[in-house]
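Just below is one structure, and these are the notes that go with it.
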Number of protein chains: 2
Amino acid sequence: MQNSLILHIKKFISLEPSDIDKLESCLELSKIKKKEHILEEGQICNTIYFVVRGCMRQYIINSKGAEQTLQFAIENWWITDYLSYHNHIPSSFYLQAIENSEVIAIDKNVLESLLIEIPNLERYFRIVTQKSFGATQMRIKYLFTMSAEERYHHFNDHFPEFVQRVPQYMLASYLDFSAEFMSKIRAGKV
Amino acid sequence: MQNSLILHIKKFISLEPSDIDKLESCLELSKIKKKEHILEEGQICNTIYFVVRGCMRQYIINSKGAEQTLQFAIENWWITDYLSYHNHIPSSFYLQAIENSEVIAIDKNVLESLLIEIPNLERYFRIVTQKSFGATQMRIKYLFTMSAEERYHHFNDHFPEFVQRVPQYMLASYLDFSAEFMSKIRAGKV
DNA sequence: TTAAAAACTTGAACTACTTCAAGAAATTCA
DNA sequence: TGAATTTCTTGAAGTAGTTCAAGTTTTTAA
C-alpha cells in the first residue's frame with residue numbers, strides 16, 4: 001500500500017513517478033507514543049507533521065494551569081505551529097499525541113528542497129492550507145454563534161466517531177466549555 | 001508607484017519582469033464604497049480580494065438578527081471565504097467594506113491561469129495563507145484564555161491605530177463581547 | 001446647517017456558564 | 001489481577017458576561 005501522504009497529495013495535484021520516488025526517499029514515518037510531545041511551548045517549530053495514523057492535538061496551558069485543546073489532527077491532517085515555523089519565534093503551543101500515532105515529520109530544510117525539486121507541491125500545500133483556513137473560519141463562526149450545548153450537539157452530529165476517540169474533557173475545552181458542563185449537557189441536566 | 005499587490009508578492013518570491021507584465025495586465029483595481037457588499041450569505045464565492053486601501057470585514061448575522069464581525073482586512077491583507085471558494089458551496093458569510101476601499105478582485109478563472117503562467121505564485125499564496133492560519137491559531141488562543149477585558153486591552157495595545165478606524169461595536173463583536181460591555185470596559189466600570 | 005441616522009453610554013435585572021469539592025466509574029499497566 | 005491513575009459526574013455557590021430600554025453623542029448627507 002502506498003504512503004498515505006502520497007495518496008493525499010494525489011487528490012490535489014498530479015505527481016510524476018520520479019516525483020514519487022523523490023518523496024518516498026525523503027519521507028519517513030515516525031511513531032509517537034500516546035502523551036508524547038512533538039513540540040513544547042517556548043520551542044521554535046521547524047517541522048510540519050502529517051498524521052498517518054492516530055490522533056494529535058495542539059494545546060496550551062492557561063493562566064490557571066489548566067490545559068486547553070485548540071486543535072485536533074487525525075489521519076490525513078497536517079499539524080504544526082505555522083507562526084513559529086514561518087517567523088522563527090518560540091511557540092505558544094504544545095503538540096502532543098493523544099493516541100499511539102504514526103506521523104510523517106518534514107523538517108523545514110527537507111521541505112524547502114522538496115519544494116524546489118517538485119515545484120508543484122507548492123500548489124498542494126497552498127490548497128490544503130486554504131481549505132484548513134476555511135474550516136477554521138467556520139469554527140470561529142460556531143464558537144461565536146452557538147451556545148455550549150449547541151456546539152456539543154453540532155460536533156456530535158458531524159463527527160460522532162471522533163467523539164468516541166478523545167477524552168471528553170479535551171473535547172470540552174476544544175469546544176470552549178468546562179468538562180463539568182459537558183457532563184451536565186450529556187446527562188440532560190442543563 | 002507600483003501596484004501594492006506586486007510589492008507585497010515581491011516580499012515573498014522573486015518575479016521576472018515578464019511576470020510583472022502578466023500580473024499588471026490581469027489585475028485591476030475596483031473601488032468599493034463604504035457599506036457595499038462584495039459577498040453575501042448564500043452566494044458562492046468565486047473571488048479572492050486583496051485590500052489595496054481601506055478596510056473590509058467578514059461578518060455573519062446571528063440567530064438574534066445581530067451582526068457579528070469575524071474578521072477584518074486592511075491594506076495588504078487578503079479576504080475571501082475559502083471554504084465556499086474551494087468547495088463551491090454557498091457562503092455563510094458577508095464580506096463588506098467598512099471604509100471606502102480599493103481592492104484587487106481576482107476571479108477564480110483568472111487566478112488559475114495566472115498560477116499556470118507564473119507557477120511561483122503558488123508559493124506566494126502558500127506562504128501568506130500559512131501565515132494567516134498561524135495568526136488565526138493565536139487568535140483562538142486569545143479568545144480561549146483571556147477575559148473580555150484582557151482581550152480589549154491586548155488588542156488596544158497591539159493595534160492602537162486600528163482601534164480608531166472601526167466602530168466600537170464591530171470591534172466588540174470581533175473580540176466576542178457585547179458593545180455595551182465594551183463601553184463599560186472603556187469607562188473602567190467593570 | 002440641520003434633520004436623520006449611526007454609534008456610544010448607563011444601570012438594573014438576568015443567565016449561561018464556571019469553580020469547587022467530593023465521589024464514582026473506567027482505564028492502564030506492573 | 002488489582003492498585004494506581006485517569007476520566008467522568010453531581011450539586012451548590014458564584015460570576016463574567018448579556019440583555020433590555022432609554023438617553024446622549026457623533027457622524028452623515030441633502
Side-chain angles (χ1 to χ4, degrees), chain A residues 33-37 54-55 57 59 61-69 72 96-101 142-156 162-190, chain B residues 33-37 54-55 57 59-69 72 94 96-101 142-156 162-190:
Chain A
K33 284 231 180 79
K34 184 170 175 174
K35 297 200 179 165
E36 193 180 321
H37 287 92
C55 185
R57 67 164 175 154
Y59 73 94
I61 297 189
N62 68 21
S63 53
K64 286 161 202 141
E67 292 177 2
Q68 292 210 242
T69 298
F72 294 108
Q96 184 194 43
I98 59 185
E99 295 174 0
N100 290 327
S101 302
Y142 297 139
L143 285 170
F144 276 32
T145 57
M146 293 180 176
S147 69
E149 196 176 357
E150 287 167 338
R151 293 198 298 280
Y152 172 73
H153 290 305
H154 182 264
F155 195 88
N156 219 14
F162 185 74
V163 174
Q164 304 307 316
R165 241 174 119 166
V166 300
Q168 279 175 41
Y169 73 92
M170 284 187 196
L171 184 55
S173 78
Y174 176 80
L175 295 173
D176 204 19
F177 47 75
S178 68
E180 293 91 336
F181 197 65
M182 177 127 167
S183 243
K184 285 162 195 171
I185 293 170
R186 288 163 51 91
K189 296 190 179 166
V190 300
Chain B
K33 284 230 181 81
K34 186 172 174 171
K35 295 199 183 166
E36 193 179 323
H37 286 92
C55 185
R57 67 164 176 155
Y59 73 94
I60 50 160
I61 296 188
N62 69 22
S63 53
K64 286 160 202 142
E67 293 177 1
Q68 292 209 241
T69 298
F72 294 107
Y94 295 84
Q96 184 194 43
I98 58 184
E99 295 173 1
N100 292 327
S101 301
Y142 297 139
L143 285 169
F144 275 33
T145 57
M146 292 180 178
S147 69
E149 196 176 359
E150 288 168 337
R151 293 199 296 280
Y152 171 73
H153 289 307
H154 182 265
F155 195 88
N156 218 15
F162 186 75
V163 173
Q164 304 306 316
R165 243 173 117 166
V166 300
Q168 280 176 40
Y169 73 91
M170 284 187 196
L171 184 55
S173 78
Y174 175 80
L175 295 174
D176 203 19
F177 47 75
S178 68
E180 293 91 337
F181 197 64
M182 177 126 167
S183 244
K184 286 163 195 171
I185 292 171
R186 287 163 52 90
K189 295 189 180 169
V190 300

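For the numbers below, each heavy atom of this structure counts, side chains included, while hydrogens, waters and symmetry mates do not.
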Show each protein N/O and nucleotides 22-30 of chain C N/O combination with a separation under 3.5 Å, one pair to a line.
unit_1, atom_1, unit_2, atom_2, d
dT28(C), OP1, Lys34(A), NZ, 3.3

Are the side chain of Asn100(A) and the backbone N or O of Lys33(A) linked by a donor-acceptor pair below 3.5 Å? no
Rounded to whole Å, the OH-C1' distance (Tyr152(A) to dT9(D)) equals 14 Å
To the nearest 0.5 Å, atom CG of Asn156(A) lies from atom CG of Leu171(A) at 8.0 Å
Discussion item. Is it the case that the side chain of Arg151(B) and the backbone of Asp176(B) share a donor-acceptor pair, with hydrogens and angles ignored and the cut-off at 3.5 Å?
Written reply: yes
note: Met170(A), atom CE; dT7(D), atom C1'; distance rounded to Å ~ 10 Å
Assign each of Lys35(B) and Met182(B) the nucleotide of DNA chain C bearing its closest heavy atom; nearer the 5' end lies the nucleotide of Lys35(B)
Atom CD1 of Ile185(B) and atom P of dT10(C) are separated, to the nearest Å, by 13 Å
Taken to the nearest whole Å, CD1/Ile98(B) to P/dT27(D) is 16 Å
Centres of the Phe155(B) and Tyr142(B) rings: under 6.0 Å? no
Closest of dT9(C), dC8(D), dT10(C) to the Lys189(B) side chain is dT10(C)
> So does Gln168(B) get a side-chain nitrogen or oxygen closer than 4.0 Å to the phosphate oxygens (OP1/OP2) of dA6(C)?
Replying inline: no
Exercise. Relative to the ring of Phe72(A), is the ring of Phe162(A) parallel (under 30°), tilted (30 to 60°) or perpendicular (over 60°)?
Worked result: perpendicular
N-O pairing of Glu99(B) and Arg57(B) below 4.0 Å: no
Taken to the nearest whole Å, CZ/Arg165(B) to P/dA7(C) is 16 Å
Arg186(B) atom CZ is separated from dT9(C) atom C1', nearest whole Å, by 10 Å
- [ ] Determine yes or no for a side-chain-to-main-chain donor-acceptor pair under 3.5 angstrom, with Ser101(B) supplying the side chain and Cys55(B) the backbone.
- [x] yes
- Message: Would the distance check show the side chain of Ser173(A) and the main-chain N or O of Thr69(A) forming a donor-acceptor pair, the cut-off being under 3.5 Å?
- Response: yes
Check nucleotides 16-20 of chain C against the protein and report each pair of N or O atoms closer than 3.5 Å, with its distance, or say if there are none.
unit_1, atom_1, unit_2, atom_2, d
dC17(C), OP1, Ala148(A), N, 3.1
dT18(C), OP1, Ser178(A), N, 3.1
dT18(C), OP2, Ser178(A), N, 3.1
dT18(C), OP2, Ser178(A), OG, 3.0
dT19(C), OP1, Lys64(A), NZ, 2.8

To the nearest angstrom, the CG-P distance between Leu143(B) and dG17(D) comes to 12 Å
Notebook entry, point to check: Under the 3.5 angstrom rule, does the side chain of Gln96(A) hit a backbone N or O of Lys35(A) as a donor-acceptor pair?
Noted result: yes
